[in-house]
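Worksheet: one structure, shown below.
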Amino acid sequence: MHVHMKAELKATSISFQNPSLFNTITSPPPLSQPEALKGYLGSLDGTCIEKLLLHCASALESNDITLAQQVMWVLNNVASPLGDTNQRLTSWFLRALISRASRICPTSMNFKGSNIIQRRLMSVTELAGYVDLIPWHRFGFCASNNEIFKAIKGFEKVHILDFSITPCMQWPTFIDSLAKLQEGPPSLRITVPSFRPMVPPLVNISIHEVGQRLGNFAKFKDVPFEFNVIGDNNVSNLMTSEELRNIESTSFDFESMLSLLNPSMLNLREDEALVINCQNWLRYLSDDRKGQNISIRDVFMNLVKGLNPQIMLLVDEDCDLSSSSLTSRITASFNHLWILFDALDTFLPKDSIQRTEFESDIGQKIENIISFEGHQRIERLESGMQMSQRMKNVGYFSVPFCDETVVEVKSLLDEHASGWGMKREENMLVLTWKGNSCVFGTAWVPSEMSLDM
């Protein structure tokens with residue numbers, strides 16, 4: 001438990017700002033089991049809130065809707081989207097629990113909230129501001145770019161196979177660095193899949209248009225550039241903004257994408273240095289084991305290893321959300337996602353639209369983690385240690401980050417609030433907030449290549 005989550009909340013009740021979402025708990029239910037909640041009402045700090053969430057989850061898992069409603073009423077008197085860190089985080093967990101309850105017993109809960117998550121499509125400029133807000137994404141960009149730079153030294157042609165939920169936001173800085181090489185830049189080819197998990201942030205232009213803008217920037221910097229989109233059926237390009245907002249995030253077809261990961265479809269060339277870049281993306285590949293006791297996540301890792309990359313970068317949030325247990329996921333996500341709410345609290349006012357939208361994106365993640373099960377639960381993070389073991393199991397060798405990369409990352413963090421830091425864990429670099437692990441970065445090569453290192 002984070003020690004800084006334990007600050008006392010005000011003893012007075014706080015009305016939830018959207019009571020229509022919680023119509024069944026806006027007044028206290030009859031407490032047929034008063035002892036079950038006794039002791040929580042006096043000191044609702046972070047620890048007590050977490051216990052209440054777990055109490056509610058246990059009630060839902062045992063189909064005790066009455067007890068779940070009683071706990072939700074207590075949480076409703078704490079939650080506020082405009083309150084402090086704990087209150088804002090609680091409001092999203094409460095929404096997710098009510099959403100889950102409405103699926104279990106829709107008549108009893110009578111949930112009025114929409115089951116369709118509305119997403120606002122960002123412009124590229126807005127996305128850049130979103131990424132720059134805190135170093136959550138830029139940490140991985142910076143660490144990865146420096147290691148890629150080192151791995152491609154001496155090559156005249158570079159091919160990056162890019163899997164990222166922030167479409168190509170990593171590459172302008174990389175292209176700028178290539179342009180500054182004294183010996184002149186290598187030619188750069190970037191290949192991206194035409195489809196991606198329908199999770200925030202989403203942009204209001206197609207991936208082709210993103211590639212065109214990146215190409216214009218590369219041309220301005222005199223870097224030879226090529227941009228390719230694989231699996232392009234133009235479906236996403238023909239959708240309206242409204243259709244993109246409402247599309248089910250679970251409709252992302254990973255298995256179709258896997259069939260494209262071969263030298264022929266990727267048009268691999270022998271004289272290119274191939275780089276595999278995965279930024280906050282692998283979590284959306286299912287870790288359910290099917291058929292020959294292998295998951296889609298493992299199949300992906302094996303397929304890209306077979307492409308013989310010069311280096312593979314893997315960056316994601318350092319948290320385990322893979323458990324089938326709802327209570328385990330609540331504990332892990334509450335302690336992990338608290339970090340983002342606390343970090344935003346340090347420099348953005350409560351009425352900031354930018355903060356509201358960022359926290360709404362986190363709230364959508366919470367809803368998927370808590371409200372859904374089976375194939376609909378797509379937020380399936382593994383910790384850095386778990387993912388590293390998975391990489392080793394399929395035949396990758398871990399590459400330590402060089403000192404120059406560490407210096408670059410520290411310089412990046414100096415641009416942000418003093419709570420951000422970095423630590424090494426084995427060969428991982430880990431972004432921290434007030435000492436708590438946030439995001440891990442790792443670098444890998446196929447085990448066969450490690451013999452030449």
Qualifying salt bridge (Lys or Arg N to Asp or Glu O under 4.0 Å) pairs with a residue from residues 318-334, counting only residues at least two apart or across chains: Arg329-Glu373
Close side-chain approach of Leu340 to Ile134, heavy-atom, < 4.5 Å: yes
Minimum-distance pair of heavy atoms, taken over all atoms of Arg283 and Leu381: NE-CD2, 3.6 Å
Glu425 vs Ser437 side-chain heavy atoms within contact, under 4.5 Å: yes
With sequence neighbours left out, the residues meeting side chain to side chain donor-acceptor pair (under 3.5 Å) with Ser383 are Gln386
Heavy-atom nearest pair, Gln310 first then Ala151, reads CG-O, 3.5 Å
Assess the residue pair Leu326 and Arg100 against the criterion (side chain to side chain contact (heavy atoms under 4.5 Å, CB included)); give the C-alpha distance rounded to whole Å, side-chain angles, the decisive distance to 0.1 Å, and a yes or no. CA-CA 11 Å; Leu326 175 61; Arg100 184 183 180 94; 3.4 Å; yes
Take a 6.0 Å sphere around NZ of Lys423 and say whether it holds more than 12 heavy atoms from other residues, nucleotides or ligands. yes
Between the OG atom in Ser144 and the CZ atom in Phe401, the distance rounded to the nearest 0.5 Å is 6.0 Å
Any non-hydrogen side-chain atom of His416 less than 4.5 Å from a side-chain atom of Phe139? no
From CA spacing to verdict: ring pair (Phe, Tyr, Trp, His ring centres under 6.0 Å), Trp136, Phe358: CA-CA 12 Å; Trp136 205 261; Phe358 203 105; 8.2 Å; no
CD/Gln69 to CG/Leu97 distance, rounded to the nearest 0.5 angstrom? 12.5 Å
Inspect the surroundings of CD in Glu415 and state if more than 12 heavy atoms from other residues, nucleotides or ligands are less than 6.0 Å away. yes
Strictly by modelled atom types, are Asp345 and Thr85 linked by a side-chain donor-acceptor pair under 3.5 Å? yes
Please check this pair: side chain of Ser447 against backbone of Gly395, looking for a donor-acceptor N/O pair closer than 3.5 Å. yes
What's the spacing between Leu344 CG and Ile362 CD1 if we round to 0.5 Å? 5.5 Å
Could you verify whether a donor N or O on one side chain and an acceptor N or O on the other, from Glu426 and Ser398, lie under 3.5 Å apart? no
Could you tell me whether a side-chain N or O of Asn76 sits under 3.5 Å from a main-chain N or O of Met72, the two making a donor and an acceptor? no
Is there a donor-acceptor contact under 3.5 Å from the side chain of Thr327 to the main chain of Leu54? no
Between Ser388 and Trp444, is the side chain to side chain contact (heavy atoms under 4.5 Å, CB included) condition met? List the steps. CA-CA 9 Å; Ser388 292; Trp444 304 87; 3.6 Å; yes
Rounded to the nearest 0.5 Å, the NZ atom of Lys410 sits from the CG atom of Leu429 at a distance of 10.0 Å
Measure the CG-CG distance between Leu89 and Leu94 for me, rounded to the nearest 0.5 Å. 11.5 Å
Could you tell me whether a side-chain N or O of Asn436 sits under 3.5 Å from a main-chain N or O of Trp433, the two making a donor and an acceptor? yes
Counting only N and O atoms by type, is there a donor-acceptor contact under 3.5 Å from the side chain of Tyr130 to the main-chain atoms of Met122? no
Non-hydrogen atoms of Gly231 and Leu260 that approach each other most closely: CA-CD1, 3.3 Å
With a 4.5 Å cut-off on side-chain heavy atoms, are Met265 and Ile230 touching? no
Assess, by modelled atom type and distance only, whether the side chains of Asp298 and Ser295 contain a donor and an acceptor separated by less than 3.5 Å. yes
Check Asp403 with Arg424, please: is the shortest side-chain N to carboxylate O separation under 4.0 Å? yes
Should Lys365 and Trp92 be marked as a side chain to side chain contact (heavy atoms under 4.5 Å, CB included) after you check the CA-CA gap, both sets of side-chain angles, and the distance that decides it? CA-CA 10 Å; Lys365 181 183 299 185; Trp92 285 107; over 6 Å; no
Hey, does Phe372 have a side-chain heavy atom less than 4.5 Å from the side chain of Ser99? no
Inter-residue atom distance Asp361.CG - Ile366.CD1, 0.5 Å rounding: 11.0 Å
Any chance you could lay out the ring pair (Phe, Tyr, Trp, His ring centres under 6.0 Å) test for Phe341 and Trp338, step after step, and finish with the verdict? CA-CA 5 Å; Phe341 281 80; Trp338 163 87; 9.8 Å; no
Output yes when a side-chain donor or acceptor of Ser194 lies under 3.5 Å from a complementary backbone atom of Val229, and no otherwise. no
Evaluate Phe300 against Cys278 for side chain to side chain contact (heavy atoms under 4.5 Å, CB included), listing each step before the verdict. CA-CA 11 Å; Phe300 173 85; Cys278 295; 3.9 Å; yes
Under 3.5 Å, is there a donor-acceptor pair between the side chain of Asn368 and the main chain of Gln364? no
With no hydrogens and no angle check, do the side chains of Ser286 and His375 hold a donor and an acceptor under 3.5 Å apart? no
Test item: Ser360 side-chain N/O and Thr356 main-chain N/O as donor-acceptor pair under 3.5 Å: no
Please report the closest heavy-atom contact between Met387 and Leu314, naming both atoms and the distance. CG-CD2, 3.2 Å
Would you mind reporting whether Phe347 and Leu133 have side-chain heavy atoms less than 4.5 Å apart? yes
Does any non-hydrogen side-chain atom of Phe334 lie less than 4.5 Å from one of Leu53? yes
Measure across Arg377 and Leu321 and return the closest heavy-atom pair with its distance rounded to 0.1 Å. NH1-O, 3.3 Å
Heavy-atom closest pair, residues Cys438 and Val430: N-CG1, 4.3 Å
Considering residues at least two apart in sequence or located in another chain, which fulfil the salt bridge (Lys or Arg N to Asp or Glu O under 4.0 Å) criterion with Arg297? Glu382
Do Pro309 and Pro446 make a side-chain contact, defined as non-hydrogen atoms from C-beta onward lying under 4.5 Å apart? yes
Does Pro193 offer a backbone N or O that forms a donor-acceptor pair with the side chain of Arg196 under 3.5 Å? no
